[in-house]
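Reviewing the structure listed below.
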2 protein chains.
Amino acid sequence: MTARSTSETARDIPEATVARLPVYLRALNTLADDEIRTCSSEDLASAAGVNSAKLRKDLSYLGSYGTRGVGYDVDYLRYQIAREIGVTQDWPVVIVGIGNLGHALANYSGFRSRGFHVVALLDADERRHGEHVAGVLVRPFDDLEAIVAEQGVAIGVIATPAAAAQDVADRMVACGITSVLNFAPTVIAVPDGVDVRKVDLSIELQILAYHEQRKAQL
Amino acid sequence: MTARSTSETARDIPEATVARLPVYLRALNTLADDEIRTCSSEDLASAAGVNSAKLRKDLSYLGSYGTRGVGYDVDYLRYQIAREIGVTQDWPVVIVGIGNLGHALANYSGFRSRGFHVVALLDADERRHGEHVAGVLVRPFDDLEAIVAEQGVAIGVIATPAAAAQDVADRMVACGITSVLNFAPTVIAVPDGVDVRKVDLSIELQILAYHEQRKAQL
DNA sequence: AGGAGTTTGTGAACGTGGGAACAAACCGAG
DNA sequence: CTCGGTTTGTTCCCACGTTCACAAACTCCT
């Protein structure tokens, strides 16, 4: 245990663990839907597609929420993980770029049900303004600052073509957004303190192609 | 260097490197579009958003394609990476599930331009059959086996609701598909020898929410 | 031809993550 | 209350990935 910083609850959860917590949460929700009240690390691990040692270690970073000899209470653990991730509160999100992908994102029900709320859809193309997608009005990109300020938005989603992505990111950062989810197929640069995660469909396919090619060589 | 297997070219590229090669390739394409012929590891690294030592180590797994004191020839390196990943050939791909996301995927131009070719769109809902999306006919899911056999498809994309994903994966695996890209928000199980990569929009947002929450605590 | 300047390729140190294995803790039966 | 069975929480060790730092190799200028 190293020198702890100013904060009282100085938990330092490894990044790899953080990335798996949402998977555990989803698996717990499925168990709860089936009215299962208690589960062992083995049960949950197989539902989440990991091995049980890793699951127990991951959960141990949150605290000791299990009971030896018994397992975990599904509802209790579910709440604890949700609280740790921060999805007990509701997060307002803006989506920029209402092309095919933006449409799909706006309509994605998984956002709403997991603590995220699309408060605005923005697009630079004025021919799209006034249109409603998933019940939300498409507005000019220049409304970004006002919306972010009014609604206290911290998370922005970029679904524009690659050429526009960096400009959009700059504008987002300038008006106070500190987390960006980037679907545009390009690397975007942001200052320290801003988190970016990227999702790139063609990169995933290329990784598969690499392994596929290797299989074919045998 | 451990005991090398049967294959002649027994290159063993680390997984983390494989995941970055497509990023380098994209950066090189951008440089080539700007008619830049040569670049240093520093140039390419900053275009790809990594540090130069990591980039050089990654490239060193492919071979020595640079020139000390000079840098890398853009076109030559581009070809070498493309060959290593396997995107000099064209990969046929089937997409199952033509909802909002399936539409977006079918229309995504980044596939075609990077060596992937959507040969079929499949959906279980017969009301969608006969429809054309991005110039490709939507066909019954039961046509899967015939299409895979005819076209030699090795890569399948799942864009269905979570409830259907495992069944789709099973059918894909049964008819010979060995690489799966899963967009459904659920864990799918496949036998050894089949690669699965998953893309989950809400998980990415939850990871951002976690970090956002931590920032807010300071 | 030689030296100064530049850039690659790589060895070595360091940090993070994964998995086996086991002690600690709990339950229930008798 | 004790004992056997079960499951968690944690420790230890190994593998993988990242970064630093530097020798090797190349170009260009004089």
Side-chain angles (χ1 to χ4, degrees), chain A residues 1-3 11-24 27-28 31 36-78 80-81 84 207 210-211, chain B residues 1-3 11-24 27-28 31 36-78 80-81 84 187 192 207 210-211:
Chain A
M1 199 169 291
T2 54
R11 298 242 187 70
D12 209 29
I13 301 182
E15 197 52 39
T17 296
V18 171
R20 281 187 294 267
L21 289 178
V23 180
Y24 301 155
L28 285 166
L31 293 177
I36 294 168
R37 298 295 192 76
T38 297
C39 68
S40 68
S41 63
E42 202 74 49
D43 297 337
L44 185 53
S46 79
V50 303
N51 83 31
S52 63
K54 181 157 40 178
L55 177 117
R56 289 199 300 277
K57 185 180 278 193
D58 284 341
L59 295 185
S60 76
Y61 291 115
L62 311 190
S64 286
Y65 296 136
T67 308
R68 301 179 188 213
V70 178
Y72 300 93
D73 182 282
V74 171
D75 271 335
Y76 183 57
L77 184 57
R78 190 161 61 140
Q80 292 298 341
I81 293 178
E84 192 70 41
I207 295 169
Y210 170 80
H211 292 293
Chain B
M1 197 169 293
T2 54
R11 298 241 190 70
D12 209 30
I13 300 182
E15 197 52 37
T17 298
V18 171
R20 282 187 294 266
L21 290 178
V23 180
Y24 302 155
L28 285 166
L31 293 176
I36 294 169
R37 299 297 193 77
T38 296
C39 68
S40 68
S41 63
E42 203 73 48
D43 297 337
L44 184 52
S46 79
V50 301
N51 82 32
S52 64
K54 182 157 34 180
L55 179 118
R56 289 198 301 277
K57 177 151 281 194
D58 283 341
L59 294 185
S60 77
Y61 292 115
L62 311 189
S64 285
Y65 296 135
T67 308
R68 299 178 190 215
V70 179
Y72 300 93
D73 182 282
V74 171
D75 271 336
Y76 182 58
L77 185 57
R78 189 160 63 136
Q80 292 297 341
I81 293 178
E84 192 69 41
V187 175
D192 282 358
I207 294 169
Y210 169 80
H211 292 294

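Numbered from 1 within each chain, the chains take letters A, B, ... in sequence-line order.
When rounded to the nearest whole Å, the span between CG of A/D12 and C1' of C/dT16 equals 12 Å. With rounding to whole Å, B/L59 atom CG is found 7 Å from C/dG9 atom P. One interatomic measurement links the two molecules: CG of A/D58 to P of C/dG18, which rounds to 7 Å at whole-angstrom precision. Between A/R56 atom CZ and C/dG19 atom P there is a gap of 12 Å when expressed in whole angstrom units. Between B/N51 atom CG and C/dT8 atom C1' there is a gap of 15 Å when expressed in whole angstrom units. Following rounding to the nearest Å, A/D73 (CG) and C/dC27 (C1') show an atom-to-atom distance of 16 Å. Atom CZ of B/R68 is separated from atom C1' of D/dA21 by 14 Å (rounded to the nearest Å). The interatomic distance linking B/Q80 (CD) with C/dG9 (C1') rounds to 16 Å, in whole Å.
Here the CG-CZ distance, from A/L59 to A/R20, works out to 10.0 Å after rounding to the nearest 0.5 Å. For the atom pair B/S41 OG and B/L55 CG, the distance stands at 6.0 Å (nearest 0.5 Å). Interatomic distance, B/K57 NZ to B/T17 OG1, rounded to the nearest 0.5 Å: 9.5 Å.
When heavy atoms are screened at a 4.0 angstrom cut-off, B/E15 is found touching the sugar-phosphate backbone but no base atom. Among the protein residues, B/Y61 comes within range of no part of the nucleic acid, since none of its heavy atoms lies under 4.0 Å from any strand.
Ranking D/dG9, D/dC20, C/dG9 by closeness to the B/S60 side chain, first place goes to C/dG9. Comparing D/dT18, D/dC22, D/dC26 by their closest approach to the side chain of B/K54 singles out D/dT18. Minimum atom distance to the side chain of A/A16 is reached by C/dG18, of the listed C/dA20, C/dA25, C/dG18.
The residue among A/G69 and A/P14 whose nearest nucleotide of DNA chain C lies closer to the 5′ end is A/P14. Nearest-nucleotide assignment on DNA chain C puts the 5′-proximal partner with B/S41, out of B/K57 and B/S41.
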- Given side-chain contact (heavy atoms from CB on, under 4.5 Å), test B/I36 with B/D43 step by step and report yes or no. CA-CA 11 Å; B/I36 294 169; B/D43 297 337; over 6 Å; no

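Of all non-hydrogen atoms in B/Y72 and B/S40, the two that sit nearest each other are CD1-C, 4.4 Å.
OP1 or OP2 of D/dG9 lies within a sub-4.0 Å distance of a side-chain N or O belonging to A/Y72. A/R20 has a side-chain polar atom (N or O) that falls below the 4.0 Å cut-off from OP1 or OP2 of C/dG18.
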